[in-house]
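These notes concern the structure reproduced below.
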Amino acid sequence: MAAASKGNDLGVRLVQKMSSTRTFARIAPHIIPALDRAAHRLTHGKVLLSARMLPGAILTATGARSGQPRRTPLACMPEAVSGGRPTSWLLIGSNFGRTSHPAWTANLLAHPDAEISWKGEDIPVRARLLEGQERAAAWQALLAFWPPYATYQGRVEREIRVFRLIRR
């Protein structure tokens with residue numbers, strides 16, 4: 001069992017190293033969300049391919065300018081748990097370390113009531129942008145969860161947005 005765990009740890013470290021590269025930041029935003037949307041649709045919300053390494057959800061938020069529903073597959077970090085089910089999640093607007101904020105963050109700022117599809121369950125949530133000490137504490141938890149976020153932040157001048165989603 002220890003050998004399997006070591007192999008898995010090596011695989012995670014390899015993916016973390018690869019996901020920290022500029023090439024990954026250029027290519028991944030065009031490939032990973034499309035693959036996740038297709039897998040999510042084909043499995044009726046039960047599978048996200050990217051969730052093999054990080055927990056993931058599909059965020060459905062109202063477009064800031066269009067007012068139309070926008071579905072975005074995202075990595076997330078489940079936080080508080082009650083009865084074996086998460087009651088809140090952290091979302092990070094890293095945009096793979098690219099210079100601009102991802103569009104979904106503007107959508108949540110304009111329309112904080114949203115929905116996530118988490119392991120096949122559609123959950124109404126309210127999003128809140130974290131700031132100050134609350135953001136600092138969440139950021140440290142996120143770095144422990146997925147260290148490449150530090151590389152993403154180091155590449156950009158903007159402060160990467162962190163949101164807490166809470167079940168409504």
Side-chain angles (χ1 to χ4, degrees), residues 12 15-16 19-20 24-25 28-37 39-40 45-66 68-82 85-168:
V12 169
V15 169
Q16 287 177 346
S19 71
S20 296
F24 182 85
H30 305 288
I31 297 171
I32 292 174
L35 291 174
D36 272 343
R37 275 195 276 289
H40 189 261
K46 292 185 175 58
V47 174
L48 286 174
L49 295 177
S50 62
R52 304 298 291 161
M53 295 310 290
L54 281 169
I58 300 284
L59 172 70
T60 302
T62 302
R65 290 185 298 209
S66 71
Q68 298 298 310
R70 301 292 183 212
R71 295 174 55 81
T72 309
L74 298 168
C76 64
M77 186 179 107
E79 272 192 311
V81 176
S82 175
R85 295 174 34 183
T87 57
S88 68
W89 296 260
L90 290 177
L91 295 182
I92 183 163
S94 68
N95 207 11
F96 298 96
R98 297 180 341 169
T99 57
S100 62
H101 291 291
W104 64 263
T105 66
N107 296 344
L108 288 181
L109 290 172
H111 304 283
D113 285 344
E115 183 178 276
I116 62 169
S117 177
W118 171 257
K119 298 186 177 183
E121 180 185 2
D122 293 331
I123 303 165
V125 294
R126 170 153 298 142
R128 189 166 48 82
L129 178 66
L130 302 184
E131 300 175 303
Q133 291 292 2
E134 188 177 25
R135 184 199 180 277
W139 181 254
Q140 290 308 308
L142 285 161
L143 290 180
F145 181 69
W146 192 249
Y149 288 141
T151 302
Y152 296 167
Q153 183 62 78
R155 253 190 234 144
V156 298
E157 292 182 25
R158 67 181 173 90
E159 180 177 75
I160 291 176
R161 293 174 176 161
V162 177
F163 289 85
R164 177 167 286 125
L165 273 56
I166 300 173
R167 283 180 188 258
R168 287 189 273 136

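- Residues satisfying the side chain to side chain donor-acceptor pair (under 3.5 Å) criterion with Ser94, sequence neighbours excluded, are absent altogether.
- Across every non-hydrogen atom of Ala150 and Leu143, the tightest pair is N-CD2, 3.3 Å.
- A 4.5 Å side-chain heavy-atom check between Pro55 and Trp118 finds at least one atom pair inside the cut-off.
- His111 and Thr62 get closest at one heavy-atom pair: CD2-O, 3.4 Å.
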List the steps and the verdict of side-chain contact (heavy atoms from CB on, under 4.5 Å) for Ile160 and Trp139. CA-CA 10 Å; Ile160 291 176; Trp139 181 254; 4.3 Å; yes
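- For Ser66, the side chain to side chain donor-acceptor pair (under 3.5 Å) partners two or more places apart in sequence, or in a different chain, are Arg70.
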Decide side-chain contact (heavy atoms from CB on, under 4.5 Å) for Leu109 and Arg161; before the verdict, give the C-alpha distance in whole Å, the side-chain angles of both, and the deciding distance to 0.1 Å. CA-CA 10 Å; Leu109 290 172; Arg161 293 174 176 161; 3.6 Å; yes
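- Sequence neighbours left out, the pairs with a member in residues 85-96 that pass salt bridge (Lys or Arg N to Asp or Glu O under 4.0 Å) are Arg85-Glu121.
- Distance check, rounded to the nearest 0.5 Å: CZ of Arg164 to CZ of Arg135 gives 12.0 Å.
- Formation of a donor-acceptor pair under 3.5 Å by the Asn107 side chain with backbone atoms of Ala64 is found in this model.
- The structure places CG of Asn95 at 9.5 Å from CH2 of Trp104, a figure rounded to the nearest 0.5 Å.
- Considering only heavy atoms from C-beta on, Leu59 comes within 4.5 Å of Leu108 through its side chain.
- Formation of a donor-acceptor pair under 3.5 Å by the Arg168 side chain with backbone atoms of Glu115 is not found in this model.
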Could you walk me through whether Trp146 and Ile92 satisfy the side-chain contact (heavy atoms from CB on, under 4.5 Å) test, starting with their C-alpha distance in whole Å, then the side-chain angles of each, then the deciding distance to 0.1 Å, before giving a yes or no? CA-CA 11 Å; Trp146 192 249; Ile92 183 163; over 6 Å; no
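- Considering every non-hydrogen atom in both Val125 and Leu165, the closest pair reads CG2-CD2, 3.7 Å.
- At most 12 heavy atoms of other shown residues, nucleotides or ligands fall within 6.0 angstrom of atom CZ in Arg65.
- The backbone N or O of Thr99 lies less than 3.5 Å from a partner atom in the side chain of Arg158, making a donor-acceptor pair.
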If you apply the rule side-chain contact (heavy atoms from CB on, under 4.5 Å), what do you find for Leu130 with Arg128, and how did you get there? CA-CA 6 Å; Leu130 302 184; Arg128 189 166 48 82; 3.6 Å; yes
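- In this structure, the side chain of Gln153 does not engage the main chain of Gly97 through any donor-acceptor pair within 3.5 Å.
- Rounding to the nearest 0.5 Å gives a distance of 11.5 Å between CD1 of Ile123 and OG1 of Thr60.
- Judged by distance alone, the side chain of Glu79 and the main-chain N or O of Leu90 form no donor-acceptor pair under 3.5 Å.
- Between Arg167 and Pro86, the closest heavy-atom pair is NE-O, 2.7 Å.
- Atoms OH and CZ, on Tyr149 and Phe96 in that order, are 9.0 Å from each other to the nearest 0.5 Å.
- In this structure, Trp89 CH2 and Ile116 CD1 are separated by 4.0 Å, a value rounded to the nearest 0.5 Å.
- To the nearest 0.5 angstrom, Phe163 atom CZ is 14.5 Å from Cys76 atom SG.
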